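Here the structure is laid out as structure tokens; the discussion comes afterwards.
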Amino acid sequence: MPEPGQSETENTVTTIDTMAITVELPEAFDPRWSRLPGIQVDGRRITIDPAEYFFRFESNTWLVADWELVKSQLLDVDETTESAVEQLALDFIKQHSESTSDAARVVATAYEVYAYLFREEHLAGLGLPQITADHLRMLREAATLMALNKVELDGHISNVGPCWFFPAATSVVFDLDDEMGGMLDEVYHGGWFNEHRRIESIKAHAALGGRLVHGCQSVPDQSGGVVAPYGASMANFRDDLAAFKAGWIEQVYAHRVNPAA
């Protein structure tokens with residue numbers, strides 16, 4: 001529940017005041033991201049107005065670690081019979097992560113994480129010839145913005161933006177039909193999910209202070225994902241997600257330029 005003085009409406013909750021988020025990234029994002037409320041793209045510069053962009057925005061702090069440190073000290077470390085990859089990531093987070101209220105730093109870090117995870121060398125082994133390098137770019141962009149979502153240790157979901165609902169957001173921005181939007185979502189959370197890719201993901205997401213978790217089992221459920229801290233209550237996460245998702249998914253789809261897509 002909102003604290004005293006915080007505002008709540010039926011569909012949108014904005015519970016803290018914050019300045020616009022502005023970040024410059026190494027590559028230009030698709031200008032059609034501006035179809036969603038509260039986000040403007042000008043080449044490599046992205047500006048987000050949290051009051052307009054988020055459905056729920058209760059926290060302006062995130063846990064991050066330096067990506068260069070992740071690359072040099074974690075990505076090439078192998079798990080052993082004594083220390084599973086999850087333990088390696090948790091130990092790294094404890095030693096090297098820090099809390100930040102600089103949302104631009106979070107987005108910039110996320111860009112590096114997903115540029116690594118969705119790199120083109122994996123296309124050959126994906127087994128989905130219809131997925132192209134351009135689709136990987138879509139995944140990188142959407143996942144980068146998704147990093148501003150947040151779940152607390154008690155499982156409460158504190159930040160929710162349109163990219164939580166991955167197929168809906170990508171259909172609006174990239175004019176994807178339902179079939180391709182769903183397939184892209186499968187690549188995001190399922191189609192890549194062999195053990196080698198899972199290990200890569202666990203290590204890389206240490207830069208964002210946790211592990212990637214999904215509320216969904218398959219595309220039709222569209223329950224999205226978030227980088228959650230280790231130890232977060234997944235039971236509370238599931239219940240919180242179920243309570244809000246339907247109405248907000250509908251609001252994202254409402255911004256389609258081609259509603260028949």
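Not measured: the values here are computed from a predicted model. Residue numbers run from 1 in the order of the sequence given.
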Could you give the distance from CZ (R211) to CD1 (I202), rounded to the nearest 0.5 Å?
-> 8.0 Å

Of the non-hydrogen atoms in T144 and Y111, which two are nearest, and what is the gap between them?
-> OG1-CA, 3.4 Å

Please examine the side chains of W62 and N159, heavy atoms only from C-beta on, and report whether any two atoms are closer than 4.5 Å.
-> yes

If you look at every heavy atom in V41 and S34, which pair is closest and at what distance?
-> N-OG, 3.1 Å

Would a 4.5 Å heavy-atom cut-off, applied to side chains only, mark T47 and I39 as touching?
-> no

How far does CG of L69 sit from CG of L75, to the nearest 0.5 angstrom?
-> 10.5 Å

Rounded distance [0.5 Å steps], OG1 in T109 versus NE2 in H205 | 12.0 Å

Side chain to side chain donor-acceptor pair (under 3.5 Å) partners of residues 124-134, not counting sequence neighbours, each pair once = T132-H135, D134-R137

Any chance you could measure F29, atom CZ, to E141, atom CD, to the nearest 0.5 Å?
-> 4.5 Å

If only atom types and distance count, is the side chain of S97 paired as donor or acceptor with the main-chain N or O of K94 below 3.5 Å?
-> no

Establish whether F237 and V227 are linked, either directly or via other cluster members, by ILVMFWY side-chain heavy-atom contacts under 4.5 Å.
-> yes

Heavy atoms of A206 and A65 approach each other most closely as O-CB, 3.9 Å

Do S83 side-chain atoms and T80 backbone N/O form a donor-acceptor pair below 3.5 Å?
-> no

Does P37 reach the side chain of Y53, with side-chain heavy atoms less than 4.5 Å apart?
-> no

Y116 ring centre to R119 NZ or CZ under 6.0 Å, with the angle to the axis within 45°?
-> yes

Hey, does L145 have a side-chain heavy atom less than 4.5 Å from the side chain of I48?
-> yes

Compare all side-chain heavy atoms of F54 with those of L148 and state whether any distance is below 4.5 angstrom.
-> yes

From Q95 atom CD to L90 atom CG, the distance as rounded to the nearest 0.5 Å | 10.0 Å

Same apolar cluster (I L V M F W Y, side chains within < 4.5 Å links), M138/V172 = yes

Measure across Y230 and G210 and return the closest heavy-atom pair with its distance rounded to 0.1 Å.
-> CE1-C, 3.8 Å

Please collect all salt bridge (charged side-chain N to carboxylate O under 4.0 Å, His left out) contacts where either partner lies in residues 80-92, sequence neighbours excluded, each pair once.
-> E86-R198

Full working for side-chain contact (heavy atoms from CB on, under 4.5 Å) between H96 and Q73 = CA-CA 10 Å; H96 300 293; Q73 297 193 20; 3.5 Å; yes

Is there a donor-acceptor contact under 3.5 Å from the side chain of E79 to the main chain of V85?
-> yes

Report the C-alpha distance between E68 and E112 in whole Å, list the side-chain angles of each, state the deciding distance to 0.1 Å, and finish with yes or no for side-chain contact (heavy atoms from CB on, under 4.5 Å).
-> CA-CA 9 Å; E68 293 301 319; E112 299 294 344; 5.6 Å; no

For L153, what are the other residues in its hydrophobic cluster, where any two members join if their side-chain heavy atoms are less than 4.5 angstrom apart?
-> none

List the atom of R56, the atom of D240, and the distance in Å for their closest heavy-atom pair.
-> NH1-OD2, 3.1 Å

Measure the CD1-CG distance between I131 and L136 for me, rounded to the nearest 0.5 Å.
-> 8.0 Å

Give the C-alpha distance, both sets of side-chain angles, the deciding distance and a yes or no for side-chain contact (heavy atoms from CB on, under 4.5 Å) between F92 and V70.
-> CA-CA 8 Å; F92 182 93; V70 173; 3.6 Å; yes

Considering residues at least two apart in sequence or located in another chain, which fulfil the side chain to side chain donor-acceptor pair (under 3.5 Å) criterion with E152?
-> S158

Could you tell me whether the side chain of V252 reaches within less than 4.5 Å of the side chain of F55, counting heavy atoms only?
-> yes

If every non-hydrogen atom of S233 is compared with every non-hydrogen atom of D154, which pair is closest and at what distance?
-> CB-O, 3.5 Å

Is it true that R105 and D66 make a salt bridge, defined as a side-chain N closer than 4.0 Å to a carboxylate O?
-> no

Can you tell me if R140 uses its side chain to pair, donor with acceptor, with the backbone of F118 under 3.5 Å?
-> yes

Would you please test V213 and M234 for side-chain contact (heavy atoms from CB on, under 4.5 Å) and show each step?
-> CA-CA 9 Å; V213 300; M234 289 296 101; 4.2 Å; yes

Report whether Y253 and L176 are members of the same hydrophobic cluster (ILVMFWY, side-chain heavy atoms less than 4.5 Å apart, transitive linking).
-> yes

S99 (side chain) donor-acceptor with L63 (main chain) under 3.5 angstrom = no

Any sub-3.5 Å donor-acceptor pair from N149's side-chain atoms to M146's backbone N or O?
-> yes

Within a strict 4.5 Å, meaning less than it, do heavy atoms of the F166 and L139 side chains meet?
-> yes

Using the test side chain to side chain donor-acceptor pair (under 3.5 Å), find all partners of R32 that sit at least two apart in sequence or belong to another chain.
-> D30, D175

State, yes or no, whether a side-chain contact exists between K150 and I157 at a heavy-atom distance under 4.5 Å.
-> no

Salt bridge (charged side-chain N to carboxylate O under 4.0 Å, His left out) contacts in which one or both residues fall within residues 36-51, not counting sequence neighbours = E24-R44, E24-R45

